[in-house]
Amino acid sequence: SAEGNGQEVTNRWRRGSYDQNRLAYPASCVKLTYMVSAVQWCLSQQMKFNCLDQHVRPMIMVSSNLETGVVVDYVSGAPNLAHHQTADSTFYQWLSKRNYTQDWMMRRGLLEEQVVWHKTYPTNSGVLLDAEGLAREMFGDNLMNTKCTASLMAEIVSGQLFPEARQYFLDMLYHPLDNGYTTYG
């Protein structure tokens with residue numbers, strides 16, 4: 001801490017969020033969790049933190065749903081089970097693997113009641129069938145809340161999470177304000 005204008009100044013991040021615990025369908029915001037779990041997966045394989053960059057970068061930079069599916073398949077080791085539509089032991093083994101991102105977030109204290117293991121659609125698996133379709137039918141859509149998402153973003157930006165990958169994350173997340181889609185007025 002340092003003194004400034006008679007008030008104590010700290011180097012702590014402050015998180016704000018609106019309706020912070022309400023779960024909602026996150027659309028492409030779920031890709032933030034997959035970006036981070038991709039770095040975790042690469043490091044757990046003793047590879048460079050950006051070993052999945054050819055898929056992660058388009059997932060984030062252009063919001064590619066197809067590449068999101070590839071990232072989910074890589075990190076979970078559980079691509080869709082073709083022609084599998086039964087909630088049997090094979091399905092639950094697959095589901096356990098597909099929980100890679102959720103399990104990592106839970107260990108970080110960032111999961112709470114969120115659901116973050118479905119791919120975004122349309123995806124590399126094609127239409128919503130087979131094990132992926134059954135899982136969505138049984139457990140619903142991805143769900144996130146603003147509190148955990150803001151905490152994850154604060155950990156990324158501050159470098160608290162994978163300091164070696166901080167600039168990598170920031171480079172992908174940066175978008176100019178005046179990008180041709182912005183309107184002023």
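For clarity, every value in this text was computed on a predicted model and none was experimentally measured.
- Looking only at atom types and distance, the side chain of Asn124 has a donor-acceptor partner in the side chain of Lys119 under 3.5 Å away.
- Of the possible donor and acceptor atoms, none in the side chain of Ser96 sits under 3.5 Å from a partner among the backbone N and O of Tyr92.
- Note that the CZ atom of Arg57 and the CG atom of Asp171 stand 7.0 Å from one another [nearest 0.5 Å].
- Under the 4.0 Å criterion applied to side-chain N and carboxylate O atoms, Arg98 and Asp73 are assigned as salt-bridge partners.
- Grouping the Ile, Leu, Val, Met, Phe, Trp and Tyr side chains by contacts below 4.5 angstrom, directly or via other members, places Met59 with Met105.
- You'll find the side chain of Asn65 stays beyond 4.5 Å of the side chain of Thr123, heavy atoms only.
- For the atom pair Asn145 CG and Glu113 CD, the distance stands at 9.0 Å (nearest 0.5 Å).
- Cys51 is linked by a disulfide (SG to SG under 2.5 Å) to Cys42, counting only residues two or more places apart in sequence or in another chain.
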| request: Would you please test Tyr34 and Thr68 for side chain to side chain contact (heavy atoms under 4.5 Å, CB included) and show each step? | output: CA-CA 8 Å; Tyr34 299 142; Thr68 302; 3.7 Å; yes
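- Side-chain contact, Thr33 with Thr101: no donor N or O sits under 3.5 Å from an acceptor N or O.
- A donor atom on one side chain and an acceptor atom on the other are not found under 3.5 Å apart for Gln20 and Thr146.
- Salt bridge present: Glu112 and Lys147 bring a charged side-chain N and a carboxylate O closer than 4.0 Å.
- Heavy atoms of other residues, nucleotides or ligands lying less than 6.0 angstrom from CD of Gln167 number more than 12.
- The side-chain heavy atoms of Ile156 and Arg166, taken from C-beta on, include no pair separated by under 4.5 Å.
- Residue pairs meeting the ring-ring contact (aromatic ring centres under 6.0 Å, His included) criterion with at least one partner in residues 43-77, sequence neighbours excluded, are Trp41-Tyr74, Phe49-Tyr168, His55-Tyr74.
- Residues Thr120 and Val30 form a side-chain contact, since some pair of their non-hydrogen atoms from C-beta on lies under 4.5 Å apart.
- Under the 4.5 Å side-chain heavy-atom criterion for ILVMFWY residues, no single connected hydrophobic cluster contains both Leu134 and Leu129.
- A distance of 12.5 Å separates OG1 of Thr90 from CG of Leu95, quoted to the nearest 0.5 Å.
- Between Val71 and Lys31, the closest side-chain pair of non-hydrogen atoms is not below 4.5 Å.
- Between the CE atom in Met144 and the CG atom in Leu110 there is a gap of 9.5 Å [rounded to 0.5 Å].
- Summarising the geometry, atom CG belonging to Asp130 is positioned 5.0 Å from atom CG belonging to Asn80; distances are rounded to the nearest 0.5 Å.
- Under the ring-ring contact (aromatic ring centres under 6.0 Å, His included) criterion, His84 pairs with no residue at all, not counting sequence neighbours.
- Counting only distance, with no hydrogens or angles, the side chain of Glu132 and the backbone of Ser125 share no donor-acceptor pair below 3.5 Å.
- In this structure, Phe139 CZ and His118 NE2 are separated by 8.5 Å, a value rounded to the nearest 0.5 Å.
- In this structure a side-chain-to-backbone donor-acceptor pair under 3.5 Å is present from Asn142 to Trp117.
- The shortest side-chain heavy-atom distance between Val39 and Phe169 falls under the 4.5 Å cut-off.
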